[in-house]
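Below: the structure, in structure tokens.
Every chain is numbered from 1, with letters handed out A, B, ... down the list of sequences.
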Number of protein chains: 4
Amino acid sequence: MTIQEPVTARPAGRPRSEKAERAIIEATLDLVGDGMGVAELSIEAIASRAGVGKTTIYRRWSNKEELVADALATLKAPLPPLGGESVRDDLITLLRAMREDKGRSRTRCVMNVMMSDADRYPALMERFQKVAIEPRKEAMREVLRRGIRTGELRADLEVEMGLAILSGTMIWYTKWAPPGDLPADLPERIVDHVLPGFAA
Amino acid sequence: MTIQEPVTARPAGRPRSEKAERAIIEATLDLVGDGMGVAELSIEAIASRAGVGKTTIYRRWSNKEELVADALATLKAPLPPLGGESVRDDLITLLRAMREDKGRSRTRCVMNVMMSDADRYPALMERFQKVAIEPRKEAMREVLRRGIRTGELRADLEVEMGLAILSGTMIWYTKWAPPGDLPADLPERIVDHVLPGFAA
Amino acid sequence: MTIQEPVTARPAGRPRSEKAERAIIEATLDLVGDGMGVAELSIEAIASRAGVGKTTIYRRWSNKEELVADALATLKAPLPPLGGESVRDDLITLLRAMREDKGRSRTRCVMNVMMSDADRYPALMERFQKVAIEPRKEAMREVLRRGIRTGELRADLEVEMGLAILSGTMIWYTKWAPPGDLPADLPERIVDHVLPGFAA
Amino acid sequence: MTIQEPVTARPAGRPRSEKAERAIIEATLDLVGDGMGVAELSIEAIASRAGVGKTTIYRRWSNKEELVADALATLKAPLPPLGGESVRDDLITLLRAMREDKGRSRTRCVMNVMMSDADRYPALMERFQKVAIEPRKEAMREVLRRGIRTGELRADLEVEMGLAILSGTMIWYTKWAPPGDLPADLPERIVDHVLPGFAA
DNA sequence: ACATAATCGAGACGGTACGTCGAGTCTTCTG
DNA sequence: CAGAAGACTCGACGTACCGTCTCGATTATGT
């Protein structure tokens, strides 16, 4: 009888500290949340805020990009609960969620980076898309599909295009809105402008 | 008889070299066009590429942000000529122009910076808005207003919202389009999806 | 009748590996012999060359100094056999031995450290003196005392001073000799210069 | 008529600051004088104590060795004045000077490094020899030559060997003297032991 | 045979210093 | 005076070792 090798053999030596790993990611998110872009982030600052040696960071991530990617990846998108009563209400809820995020200091990271560092760090974005953006997009797609099924929306509506119109408009406003702050009823106004074109 | 003082008295000493100024701005745009963000830009690199001392840069601009702002400001927005035949055609032309820019190596700067460094360098953006963004927005507003006048669009259409929907959707696609490249007829498809909701 | 307790009761647990200890000392001497000073020696390099964990080193020695002291202490001074025919011959033999050592890769350690790290690591030296230097000094003292007894040297010669003059001169030459290499007959020349002043 | 090129054309740009250079060397000597060996010296500590950026050090010296060499080279050997009355008195004065140096905090550097780092940093020593050691050796050679001329010493005395015997003995005592401190009359005792062998 | 206990190699930990690079400022000479 | 050249201080970079600390595995002794 032979001893069964474990599937994932534990490597020799002291295992890496999960505590340190968490502290590093926390520190990174703190700094990103405080408005720092990927370029302004300094590994030294992260290490110092996390109470960790630089080596401990470099042992895990070979560059800033990968660290930030992993850090943001831990930010699961906490999707707002949808009533499911009407397409209009659910879309408003989703659009409003895009905005609310900017208020919360931690989830603000998502918007900060998505807006600013998107195409400069493509590898980062690819990872980030999967865990943070795609779920939100999928939620909105699902609402649209349901609207088509229930007959609230016209049958030949292209779901992807609908998604682009609604989200794109919302983002346009949050970034390049003309003057002053955004109106509180922005989500309602967007939906009410767009939805008639989608209705059956 | 008195000698007429010039209206703007020329200061004593050697005048600043316009050649150097142009070279600096050219070098800056080259680097930005090559994909560098504002943060990655190094004054030293600009000086070296422009064949100029760092002093000559700092004498004119007190920091990177102002230099980039001025550099981008020289990029006049070359608006596409609009036929004015139908609202649909003109909107398609305008949307297509947003995309075409990405192809040309120099005007690509506009999109690069607008997309990436928007909220990290607000002063930059403010300046940039005036010379590069606003003319394009105004052109589209004018098309929409004309559509309302001619009765192609419904009278109570909010012009600003229409602008946000069309531009926002286009930008959304250029940044977060699902897979692969963008379809060639994207502007047409956006306009055709959106316009019915705006029609009289 | 009771079982006799061993004088030094063996502590429980796995005993320290003598093999590891030897390997560590060998590695240390190798590195010192290759010209490394005490300061340049890295514990990590010693551990790696000895195929041993750093812990195994620090368990035995609390710092580099003690390790090097113990390592050098294992180097017994292999004194050259003395003919005993004449004081002159024996002194030449002893002086020559100081030089020969520099050729042998292992015993070169002795000179290396004695010359370079003497007063920076006083504790090291104290130990080292006892096992490596003192025997050589004693041998020379013995030769001088014998010379006094046999009448070859004058009766009021201070042995310690004689030792200092002979050894000091030899070392002076090996370290600060004017140009080029040392002459092969250096020991003879030193002795012949010094001895007349010591003769009866 | 042609303009005469200066022999050593001043290079373009801001000249290196002599003030910084002096501060660096002062700081280095301070640290060496405080008992640090070449290996323990840290460039960062030197820069900090000199109030200077690390770059400013690395611009001038490519490694520690060269810096220390230059620093020590500035320490001119302040030779003691010699009476010239008798060979014996002058030799005693010279030997005593070797010892006195150990007391003065700045000139202690000389002995510190000469004793400890001599053969580990050969390039350093070579430079150092020229400015610090050689003048002292030459002074002693001169005394010996004068003794030969005046007949105090025998005509066939090898000056170089005499130098080695006297200096070597003195150094031997200061480094490996048997127990306790050195006797106050050590120079006298050495000279009195050695000189008879040199006398005519 | 089996628990107890100190050791082993391996390697991660928080640090310090390394030598390099670029930032933005300053100082020199030349045009 | 503006120009280029290049020095200046400062601070972050990524690497190498420091001496300490876990780990699982090994190797003895004491029941």
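Taking the side chain as every heavy atom from C-beta outward, C/Leu41 and C/Leu67 never approach each other to under 4.5 Å. Counting heavy atoms from C-beta outward, C/Leu29 and C/Leu72 have side chains that approach closer than 4.5 Å.
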Just list the side-chain donor-acceptor pairs under 3.5 Å for residues 47-60 of chain B, sequence neighbours left out, or say none.
| residue | atom | partner | partner atom | Å |
| --- | --- | --- | --- | --- |
| B/Arg49 | NH1 | B/Asp30 | OD2 | 3.0 |
| B/Lys54 | NZ | B/Glu44 | OE2 | 2.8 |
| B/Arg60 | NE | B/Glu21 | OE1 | 2.7 |
| B/Arg60 | NH1 | B/Thr56 | O | 3.2 |
| B/Arg60 | NH2 | B/Ser17 | O | 3.1 |

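Set against F/dC23, F/dA7, E/dC8, the side chain of C/Ser17 has E/dC8 as its closest nucleotide.
In this structure, CG of D/Asn63 is placed 10 Å from P of E/dT20, rounded to the nearest angstrom. Here F/dG14 presents its P atom at 12 Å from CD of A/Glu66, a figure rounded to the nearest Å. As rounded to whole Å, 12 Å separates atom C1' of F/dT9 from atom NZ of D/Lys19. What separates CD of C/Glu44 from P of F/dC17 is a distance of 7 Å, to the nearest Å. The CD atom of A/Glu21 sits 14 Å away from the C1' atom of E/dC13 (whole-angstrom rounding). D/Glu65 has its CD atom 17 Å from the C1' atom of E/dG19, to the nearest Å. Nucleotide E/dG24 holds its C1' atom 9 Å from the CD1 atom of B/Ile43, rounded to whole Å. The interatomic distance linking C/Glu40 (CD) with E/dA17 (C1') rounds to 15 Å, in whole Å.
No engagement by C/Ile46 is indicated, since no non-hydrogen atom pair under 4.0 Å with the nucleic acid exists.
Summary of the strand contacts: C/Ala20 and B/Ala45 both lie near DNA chain E, and taking for each the nucleotide with the nearest heavy atom, the more 5' one is attributed to C/Ala20. Each of A/Ser42 and C/Leu41 has a nearest nucleotide on DNA chain F; the 5'-most of these lies closest to A/Ser42.
Annotation: side chain to side chain contact (heavy atoms under 4.5 Å, CB included) contacts of D/Ala45 (sequence neighbours excluded): D/Leu31, D/Ser42.
Considering NZ of D/Lys64 and CD of D/Glu40, their distance stands at 8.5 Å, rounded to 0.5 Å. Taken to the nearest 0.5 Å, the CH2 atom of B/Trp61 stands 4.5 Å off from the CD1 atom of B/Ile25.
Using a 4.0 Å cut-off on heavy atoms, the residues of residues 48-62 of chain B that approach DNA chain E are B/Lys54, B/Thr55, B/Tyr58, listed by number.
Below the 3.5 angstrom threshold, one finds a donor paired with an acceptor across the side chain of C/Arg14 and the base of E/dT7.
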